[in-house]
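Report on the structure given below.
Worth knowing before you read on, the calculation uses all heavy atoms, side chains too, and leaves out hydrogens, waters and symmetry mates. Each chain gets a letter, A, B and so on, in the order the sequences are listed, and its residues count up from 1.
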Number of protein chains: 2
Amino acid sequence: MGVFSKTCEYAIRSVFFIAHRTASGNRVGIKEIANGIDSPEHFLAKILQDLSRRGIVQSAKGPNGGFYIDERGLKRPLSEVVEAVDGNSIFTGCGLGLAYCSETNPCPLHNEFKAIRNQLKDLLEQTTIADFSESLNLGITKLRK
Amino acid sequence: MGVFSKTCEYAIRSVFFIAHRTASGNRVGIKEIANGIDSPEHFLAKILQDLSRRGIVQSAKGPNGGFYIDERGLKRPLSEVVEAVDGNSIFTGCGLGLAYCSETNPCPLHNEFKAIRNQLKDLLEQTTIADFSESLNLGITKLRK
DNA sequence: TTAATAAAAGACTAAAAACTCTTTTATTTT
DNA sequence: AAAATAAAAGAGTTTTTAGTCTTTTATTAA
């Protein structure tokens, strides 16, 4: 079990891939994205439909159609993708799954967990999609082997 | 979706509860544990059977039977409970679920994630079950509201 | 204006995780 | 030895997550 759901992993990977491939105004099709990030095509289609409805990615039908990300989208923090798919429990939930865990009623892991969770939150909130795709552009990071 | 599976959350909570309740050599039954940590009784029974087989908790059948944790168990780091239930992917896996992500083939989140993951690893490896149950004994932390 | 293209939508199936119920086995107390 | 107790084991069901397949709708280019 990862930190993110499989759906969210595919969402993040596809957003990076699309950003990386469509920087100069072009579009990329679902087949190419699915192949590029190693995900099931039709499952990814569902995910991108949702991200498209939420305005996180843009899409166009027909010949020369495909997915792309506009300027505003590129400036969004990665946290918005994560929240759109997995909700915000990863940023706020108790490590032991206790509904009533809080500052005044903390579980045994509360403070230690909060510190770690906040770092994840900061990372995802303070880094934009463009920031991450830059390291892909530079060839420093990869989405496949 | 939490950092741990539901099964693992119950496992951790029950281990803390048992440690807290059996410090002075006594035992605690499944009903009381399930009630004390707010988990489904029969589901928890399965989990504790497994932890018992792995030697993380001890059990005794019959009247005055129940679960307890011996001295060696109390000194175990919490990471052993987590690994027994969820495996070690939480300590080693890629944040984006990429099988081939590594130092030499990093994903866009690799370094940032590694730092956060290592903190979680350190926390779980460096704190024993006894350490955590102490804050329960002192009434500083709680497993229920 | 028709054919081709590509995403959107809908209706599924498969697998995993979470949870329940019943029976069996071991232990202790009377 | 019998009755009571409590965990172990087995065999399920339910729910959620992941993944597939088919049809529809929108767009573009010939």
Value in whole Å for how far the [atom2] atom of [N] lies from [atom1] of [X]:
X	N	atom1	atom2	answer
Y68(B)	dT27(C)	OH	P	11 Å
F43(B)	dC19(C)	CZ	C1'	6 Å
K6(A)	dA15(C)	NZ	P	16 Å
K61(A)	dA4(C)	NZ	C1'	15 Å
H42(A)	dA14(C)	NE2	P	16 Å
R27(B)	dA26(C)	CZ	P	17 Å
I33(B)	dA6(D)	CD1	C1'	11 Å
I18(A)	dA7(C)	CD1	P	10 Å

Checklist line | F43(B) and Y10(B) aromatic ring geometry - parallel, tilted or perpendicular at 30°/60° bounds | finding: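 It falls in the perpendicular class, over 60°.
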OP1 or OP2 of [N] sitting under 4.0 Å from any side-chain N/O of [X]?
X	N	value
N64(A)	dT5(C)	no
T7(B)	dA18(C)	yes
Y10(B)	dC19(C)	yes
S59(B)	dA8(D)	yes

Check: So what does A45(B) touch, heavy atoms closer than 4.0 Å: a base, only the sugar-phosphate, or nothing?
Finding: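 It contacts nothing in the nucleic acid.
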Next item on the list: Scan K46(B) against the nucleic acid and name what it touches under 4.0 Å (heavy atoms): base, sugar-phosphate only, or nothing.
Entry: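 Base, at least one base heavy atom under 4.0 Å.
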Next item on the list: By nearest nucleotide on DNA chain D, pick out whichever of G66(B) and P40(A) is the more 5' one.
Entry: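 The residue whose closest nucleotide sits nearer the 5' end is G66(B).
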Margin query: Tell me which residues in residues 47-58 of chain A lie within less than 4.0 Å of DNA chain C, going by non-hydrogen atoms.
Written below: Q49(A), S52(A), R53(A)
Next item on the list: Of all the heavy-atom pairs spanning T128(A) and K75(A), show the shortest one and how long it is.
Entry: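 In terms of heavy atoms, the two residues are closest at CG2-O, 3.3 Å.
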Margin query: Could you report the tightest heavy-atom contact between I129(A) and A19(A), atom names first, then the distance?
Written below: CG2-CB, 3.9 Å
Notebook entry, point to check: For the side chain to side chain contact (heavy atoms under 4.5 Å, CB included) test, which of I69(B), V81(B), L136(B) pairs with F16(B)?
Noted result: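 The side chain to side chain contact (heavy atoms under 4.5 Å, CB included) with F16(B) is passed solely by L136(B) among I69(B), V81(B), L136(B).
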Check: Does D50(A) come within less than 4.0 Å of R54(A), counting only side-chain N to carboxylate O?
Finding: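 Counted as a salt bridge, because a side-chain N and a carboxylate O are separated by less than 4.0 Å.
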Next item on the list: Give a yes or no on whether I33(A) and Y68(A) share a hydrophobic cluster (residues Ile, Leu, Val, Met, Phe, Trp, Tyr; joining criterion: side-chain heavy atoms under 4.5 Å apart).
Entry: no
Next item on the list: With the side chain of P63(B) defined as its heavy atoms from C-beta on, choose the nearest nucleotide among dA4(D), dA7(D), dA7(C).
Entry: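 Looking only at heavy atoms from C-beta outward on P63(B), the closest nucleotide is dA4(D).
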Next item on the list: Begin from the C-alpha positions of N105(A) and S102(A) and carry the test side chain to side chain donor-acceptor pair (under 3.5 Å) through to its verdict.
Entry: CA-CA 5 Å; N105(A) 194 70; S102(A) 67; 5.5 Å; no
